[in-house]
Amino acid sequence: MIREANKNDLKEILELYLSLHETDIPEESDHLTETWDKIITDDNHHLIVYELDGKIVSSCVCVIIPNLTRNVRPYAFVENVVTLEEYRGKGYATECLNYAKKIAEENNCYKMMLLTGSKSQSTLDFYKNAGYNSSDKTAFVQWL
């Protein structure tokens, strides 16, 4: 089942992110709780999960960003696309990306963007097959 995350999903999402790039789960803290509350209550922040047999197996984030160009149309930014390793290749992340696209279309976005740090050809092909291209824009990242 594809859906947006709810307040009770934090623990499972943090565990899922260990399959992304995290090495450990953050300790419970006021900062973690406040950040989660901001995410879960922000109308422009959509944390999408794919749940299978009561377990979150895949997820992505879609943030709608208000914009003053392109006839004052927003754009969507997709981040943290991840699937538990044993569930990869079954279309769950694609379903999450399709759900994100639906959200972007409902919000009249003129484009969707995502970045990946992966150089794996299979990952790059996955994004291309999902409708993204790497030729229209050049991405730069400055780590803080």
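This one's a predicted model, so the numbers in the text were calculated from it and none came from an experiment. All values below were derived from every heavy atom in this structure, side-chain atoms included, with hydrogens, water molecules and symmetry-related copies excluded.
Under a hydrophobic-cluster definition in which Ile, Leu, Val, Met, Phe, Trp and Tyr are linked whenever side-chain heavy atoms come within less than 4.5 Å, directly or via other members, V141 and F77 are assigned to the same cluster. L52 and L18 fall within the same hydrophobic cluster, where Ile, Leu, Val, Met, Phe, Trp and Tyr residues are linked whenever their side-chain heavy atoms come under 4.5 Å apart, directly or through other members. In terms of hydrophobic clustering, with Ile, Leu, Val, Met, Phe, Trp and Tyr side chains grouped at heavy-atom distances under 4.5 Å, I39 and L114 are assigned to different clusters.
Listed by chain and residue number, S120 satisfy the side chain to side chain donor-acceptor pair (under 3.5 Å) test with S122 (two or more places apart in sequence, or in another chain). Remark: K111 pairs with no residue by the salt bridge (charged side-chain N to carboxylate O under 4.0 Å, His left out) rule, at least two apart or across chains.
Between K55 and Y87, the closest side-chain pair of non-hydrogen atoms falls below 4.5 Å. Side-chain contact between V49 and E12 is absent, with no heavy-atom pair separated by less than 4.5 Å. When side chains are defined from C-beta on, L10 counts as touching L32, because their heavy atoms get closer than 4.5 Å. For the pair V61/H45, a side-chain contact is recorded, criterion being any heavy-atom separation below 4.5 Å from C-beta on. Between K128 and S134, the closest side-chain pair of non-hydrogen atoms falls below 4.5 Å. At a threshold of 4.5 Å between non-hydrogen side-chain atoms, the residues L47 and S59 count as touching.
Looking at K11 and E15, a side-chain N of the basic residue comes within less than 4.0 Å of a carboxylate O on the acidic one, giving a salt bridge.
Judged by distance alone, with hydrogens and angles left aside, the side-chain atoms of N71 form no donor-acceptor pair with the main-chain N or O of R73 at under 3.5 Å. With hydrogens and angles disregarded, a donor-acceptor distance shorter than 3.5 Å links the side chain of N129 to the backbone of D125. With N6 contributing its side chain and N8 its backbone, the two residues share a donor-acceptor pair below 3.5 Å. Between the H46 side chain and the D43 main chain, a donor and an acceptor come within less than 3.5 Å of each other.
Partner of V78 under the side chain to side chain contact (heavy atoms under 4.5 Å, CB included) criterion, out of V63, L97, L115, I48: L97 alone.
Counting non-hydrogen atoms of other residues, nucleotides and ligands closer than 6.0 Å to CZ of R3 gives a total above 12. The neighbour count for E86 CD, taken as heavy atoms of other residues, nucleotides or ligands under 6.0 Å away, is above 12. The local environment of CD in Q121 is crowded, with over 12 non-hydrogen atoms from other residues, nucleotides or ligands closer than 6.0 Å. The number of heavy atoms from other shown groups lying within 6.0 Å of CD (E85) does not exceed 12.
Using cut-offs of 30° and 60° for the angle between ring planes, the Y132 and Y127 rings count as perpendicular.
Atoms OG1 and CD1, from T35 and I40 in turn, are 12.5 Å apart once rounded to the nearest 0.5 Å. In this structure, CG on L84 lies 11.0 Å from CG on L20, to the nearest 0.5 angstrom. With rounding to the nearest 0.5 angstrom, the CZ atom of R88 is 12.0 Å from the NZ atom of K90. Here I65 contributes atom CD1 and N44 contributes atom CG; the two are 9.0 Å apart, rounded to the nearest 0.5 Å. Atoms CG and OG1, on L124 and T116 in that order, are 6.5 Å from each other to the nearest 0.5 Å. Distance CD1/I13 to CH2/W36: 3.5 Å, rounded to 0.5 Å.
Scanning both residues, P66 and P74, for their nearest heavy atoms gives CA-CB, 4.2 Å. Among all heavy-atom pairs drawn from A93 and F126, the shortest one is CB-CZ, 3.6 Å.
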field: Verdict with reasoning, V81 to C96, per side chain to side chain contact (heavy atoms under 4.5 Å, CB included)
entry: CA-CA 8 Å; V81 181; C96 290; over 6 Å; no
query: Please walk me through it: do E4 and I103 pass side chain to side chain contact (heavy atoms under 4.5 Å, CB included)?
result: CA-CA 11 Å; E4 290 203 43; I103 290 169; 3.7 Å; yes
